[in-house]
Amino acid sequence: MALLDQLNPAQRQAAEAVEGPVLVFAGAGSGKTRALTYRIAHMVCECGIAAKNILAVTFTNKAANEMRQRIRSLVGDGGRGLWAGTFHSMCARMLRADGEAIGIAENYVIYDDGDQLSLIKQSMSVLDIDSKQYKPADVLYSISAAKNELVGPQQYRHASKGPFDDVVRRTYSLYQQKLRENNALDFDDLLMRTVQLLRERPEVLEKYQDVFHYILVDEYQDINGAQYEFVKLLAARRRNICVVGDDDQSIYGWRGANVGIILDFEKDYPDARVVKLEQNYRSTQKILECAYAVISQNSTRAEKRLWTENRPGDNLTQYQAVSAEEEAEWVVGVIDAQVRGKLAQPGDYAVLYRANAMSRVFEEAFMRARLPYELVGGVKYYERAVIKDFLAYLRVIHNPADSVSLQRIINTPARGIGDKTLAVINRIAHLNSCSPYEALRYVANFEDLQKRAREAVGDFHVVMEQLGEKAQTLPLTELCRAVAEDSGYLRALEQSGSAEDARKAEDLKEFVSLAQRFEEREEEPTLQSFLEFIALVSDLDQAEDLGSKVCLMTMHAAKGLEFPIVFMVGMEEGIFPHQRSMGDEYQIEEERRLCYVGITRAQSQLYLTHAHRRTIYGEPRVQTPSRFLADLPDELVDRQVDLSKVLTSSVLGDDDEVTEERYGEKRIDLTDILSRIRRNTDTAKTRTVERIEQEAEEAQRDRTAKERDQQSQRDRRKQRAERPQSAAPVAVAGIAFKAGDRVSHPKFGIGVVVAVSGSSDDLQLKVAFPNSGVKDLAAAFAPLERA
DNA sequence: GGTTATGGATTTTTT
DNA sequence: ATCCATAACC
């Protein structure tokens, strides 16, 4: 049993409970993936279970790949045949194989959000619904929510029947019909229709039940109704179902995830074994304590508490900036100082924000400081217009019934086929009850149209027909090249002369080489498998050179990741928690979970910042610190609240913030803030000299150790989490300085303390000044003041 | 049929 | 502020 000896007792329990229903609560940083992979390895190597009888379902391709890889490295070829995939890819596969039984053609295409929206708009306009009064996006959202709960168009009845529900119901029916006509499924259909298949075709269900003897579901807190039913059906016979998740990290409720499902697991399976992974290997004690202080405010959660054998660590730092710009400057200043002082590398940092819109001011600050950064998320590769255009060509070739794609490309590049011509095409399609693509061939005889338009359509049709022929014979890459050439799209981009189009042309060429790589790698590189891959695998080209740069991302995007040093920025009411969540306690709880996720990303240091004034949608506003900041225990946070900022703007402004600053729901007046600040300074001062010296020395030792350390970057990160170099506070003339502090010097101006060394009598500070560079200063003599 | 003005809204986004 | 969509233009 040497295999499982490498797990802690709780992890081991999770791995050993092979038979029957198992619920694993896996807290942040508790070694969940480790427990899971060892569990599977144990099943294969020690229980004699064939890998091909195990199904591991995840939400992301990344998670699925990671699982596959780690299993392989544990058990080698024994792991061959393991079913590891996302819900959507498993469903797509099942529908491809058996969908015909419920009327799904084998060459169906998968519609993404954009495609869905255009089909919704199309449907609404047919139904003569005013898209100003009812926003298509809202309607789509409701339809999606219905599908996630397995409510079909017929059953769609809302409890509160209003005009909006009526609109949704009517649109829903037509939308589904249009999907059928286009031989398309949207993301939600993949799940809903698979459940339909399994419910209506017992022989199909049995077939899969006979394959998947053991089922494992990751991130179970994020599951929606359809996914729940899918898993439940597959597991019904053998009941070997192991689900893993953390209700405290459920942050996708707005996308249909239902935390209640994980909390109800024991109701579904009363004999379930429940394992809690509560030992955290990631963060310092203080970080975990703060995380708990926040999350424990939530009322609906399974009680559990992370603990760690890691060191207590540094206090958290809270910083109040004057403005969004100064907030970014401060964050970048701290990072820059620490990096220059060799306390950390850019890849050790993450800047986390609530919404992508906040990335910009940080990008600008990082650019000015010439610090390498990486924007994670944002506009995705496959969502770029060029790529979508090109894909639309491929999709029409594969499935001519796809009218959404046809509409996208029929005048891309511009060939003089506008709305009017398109309307004619649609009318012909309607009259002949054929698809718009088939209608193309009749346009030539349609006298209503100008000769020019008819010829343009004819030419386009010929090109597409020829490409369709080529698709039968040419391998994928060649086909892609032919499409790029014959469509005239590449030429149009190259000839346009604009820099933007030149970049698009490059993107397009890059996409062709991506197809080539797919062709070389895949066993069956058909057009169909390629399109499916693109639709379901969005994150193939991520995570390579990440690691040497500061990561900028949303807190959602950070889930599952860890960083030695984390900045959570924009900690203000209305931003975090977000304005649109503030009305509803349930949504506030999700925001709080998001805050918990953010905090638990940090291994050794955590900074929380908020701006006193911020321009939102072009309107300058005075901001209130986030209620989540008030949840943090005072003794664990050094709050750098600059009273002069508050006072200045309060005196200048005439709003009701004049005498009070709000900390969440607690209203406190300025004298209270003053006393808080004093208290915090005192805490810093009362640290014994020995203690401080010890920390400073430790930091120094770590630094020298690091020089020798030849481990890979990854290992280094880990180590830092366990024994991070501390920015040790040092008491000088009654003032505690630590790395990251802002100081002011009469000659050099404002700077940031980068490193501290020496004994209490002879303290040496390294201070980075933006204009004068890094200076070595003796704390006892240099005329330094806190800035 | 393509180009510029106006109005409106504006989170998060594993698939 | 800025992006997007529709509308009124050329």
Side-chain angles (χ1 to χ4, degrees), chain A residues 57-66 85-92 110-114 116-118 121 125 130-132 135-138 141 144 147-148 185-191 218-219 221-224 226-227 249-257 324 352-361 376-380 382-383 411 414-423 449-450 452-453 456 532-539 542 553-561 570 574-582 587 590-591 593-595 597-598 614-620:
Chain A
V57 209
T58 62
F59 277 84
T60 67
N61 294 292
K62 199 174 143 207
N65 290 335
E66 192 180 333
T86 64
F87 279 100
H88 291 84
S89 69
M90 291 308 302
C91 289
I110 298 167
Y111 273 5
D112 67 17
D113 305 355
Q116 290 180 51
L117 205 57
S118 32
K121 284 178 187 162
S125 105
D130 182 8
S131 63
K132 281 238 174 76
K135 280 186 294 174
D138 292 347
Y141 181 84
S144 173
K147 288 183 174 184
N148 287 159
L185 300 181
D186 65 20
F187 281 130
D188 304 317
D189 280 336
L190 289 174
L191 292 160
D218 194 15
E219 306 281 13
Q221 78 279 357
D222 288 336
I223 207 158
N224 66 35
Q227 290 160 334
Q249 293 186 71
S250 165
I251 54 175
Y252 284 100
W254 50 276
R255 274 185 98 269
L352 307 182
Y353 34 79
R354 175 65 239 261
N356 279 309
M358 295 184 64
S359 68
R360 209 157 134 172
V361 64
V376 181
V379 204
K380 278 190 238 72
Y382 292 120
E383 275 162 25
N411 202 33
R415 357 176 119 82
I417 303 176
D419 289 346
K420 213 171 139 205
T421 315
L422 209 55
L449 274 180
Q450 298 255 325
R452 238 183 38 199
E532 187 168 305
F533 173 80
I534 302 287
L536 297 177
V537 185
S538 65
D539 51 12
Q542 39 85 62
M553 66 182 111
T554 63
M555 289 183 234
H556 281 92
K559 192 176 123 189
L561 305 178
I575 289 185
F576 192 29
H578 193 272
Q579 192 68 47
R580 303 215 348 193
S581 304
M582 281 180 21
Q587 288 186 63
E590 181 151 314
E591 295 280 310
R593 291 194 290 267
L594 185 59
C595 184
V597 167
R614 181 183 297 272
T615 305
I616 297 168
Y617 308 142
E619 285 283 299

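By convention in this document, chain letters (A, B, ...) are assigned in the order of the sequence lines, proteins followed by strands, and residues within each chain are numbered from 1.
- Taking atom CZ of A:Phe533 as the reference point, atom P of B:dT15 lies 11 Å away to the nearest angstrom.
- Rounded to whole Å, the distance from CG on A:Leu536 to P on B:dT15 is 9 Å.
- Regarding A:Gln249, its CD atom lies at a distance of 16 Å from the C1' atom of B:dT12, rounded to whole Å.
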Pairs: protein N or O with nucleotides 7-11 of chain B N or O, under 3.5 Å:
residue: B:dT10; atom: OP2; partner: A:Lys135; partner atom: NZ; Å: 3.2
residue: B:dT10; atom: OP2; partner: A:Arg580; partner atom: NH1; Å: 3.3
residue: B:dT11; atom: O4'; partner: A:His578; partner atom: NE2; Å: 3.2
residue: B:dT11; atom: O2; partner: A:Arg354; partner atom: NH1; Å: 2.9
residue: B:dT11; atom: O2; partner: A:Arg354; partner atom: NH2; Å: 2.6

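- Residue A:Asn411 places none of its side-chain N or O atoms closer than 4.0 Å to OP1 or OP2 of B:dG1.
- Rounding to the nearest 0.5 Å gives a distance of 13.0 Å between CZ of A:Arg593 and OH of A:Tyr252.
- Nucleotide B:dT13 holds its P atom 18 Å from the CG atom of A:Leu117, rounded to whole Å.
- In this structure, A:Asn61 atom CG and B:dT14 atom P are separated by 11 Å, rounded to whole Å.
- Using a 4.5 Å cut-off on side-chain heavy atoms (C-beta onward), A:Ile575 and A:Arg614 make contact.
- Across every non-hydrogen atom of A:Asn148 and A:Asp188, the tightest pair is ND2-OD1, 3.3 Å.
- Listed candidates were B:dG1, B:dT15, B:dT12. Nearest to the side chain of A:Thr554 is B:dT12.
- Residue ring and base: A:Phe87 does not count as stacked with B:dT15 (centre distance below 5.5 Å and interplanar angle below 30° not both satisfied).
- Heavy atoms of A:Ile417 sit under 4.0 angstrom from primed sugar atoms or phosphate atoms, though from no base atom.
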Does the pair A:Arg255 and A:Asp222 meet the rule for a salt bridge (charged side-chain N to carboxylate O under 4.0 Å, His left out), with working shown?
CA-CA 9 Å; A:Arg255 274 185 98 269; A:Asp222 288 336; over 6 Å; no
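- Taking the side chain of A:Ala414 as heavy atoms from C-beta on, and the options B:dT15, B:dG2, B:dT13, the nearest nucleotide is B:dG2.
- Side chain to side chain, A:Thr58 and A:Asp218 fail the donor-acceptor criterion of an N or O pair below 3.5 Å.
- In this structure, A:Ile223 atom CD1 and B:dT14 atom C1' are separated by 13 Å, rounded to whole Å.
- With hydrogens and angles disregarded, a donor-acceptor distance shorter than 3.5 Å links the side chain of A:Asn411 to the backbone of A:Gly416.
- The CD-C1' distance, from A:Glu619 to C:dT2, rounds to 14 Å in whole Å.
- A donor-acceptor contact under 3.5 Å is formed by the side chain of A:Arg255 with the base of B:dT15.
- As judged by a 4.0 angstrom heavy-atom cut-off over every strand, A:Arg415 is placed among residues making no nucleic acid contact.
- Each of A:Trp254 and A:Ala453 lies near DNA chain B, and the nucleotide nearest A:Ala453 is the one positioned closer to the 5' end.
- Contact annotation: A:Thr421 reaches the phosphate of B:dG1 (side-chain N/O to OP1 or OP2, under 4.0 Å).
- Base contact: A:Tyr252 has a heavy atom under 4.0 Å from a base atom.
- Rounded to a whole Å, the CG atom of A:Asp130 is 16 Å from the P atom of C:dA5.
- Across all non-hydrogen atoms, the minimal contact from A:Phe59 to A:Glu219 is CE1-O, 3.2 Å.
- A distance-only check finds no donor-acceptor pair linking the side chain of A:Thr615 to the backbone of A:Gly618 [under 3.5 Å].
- Using a 4.0 Å heavy-atom distance criterion, A:Gly416 is classed as a sugar-phosphate-only contact.
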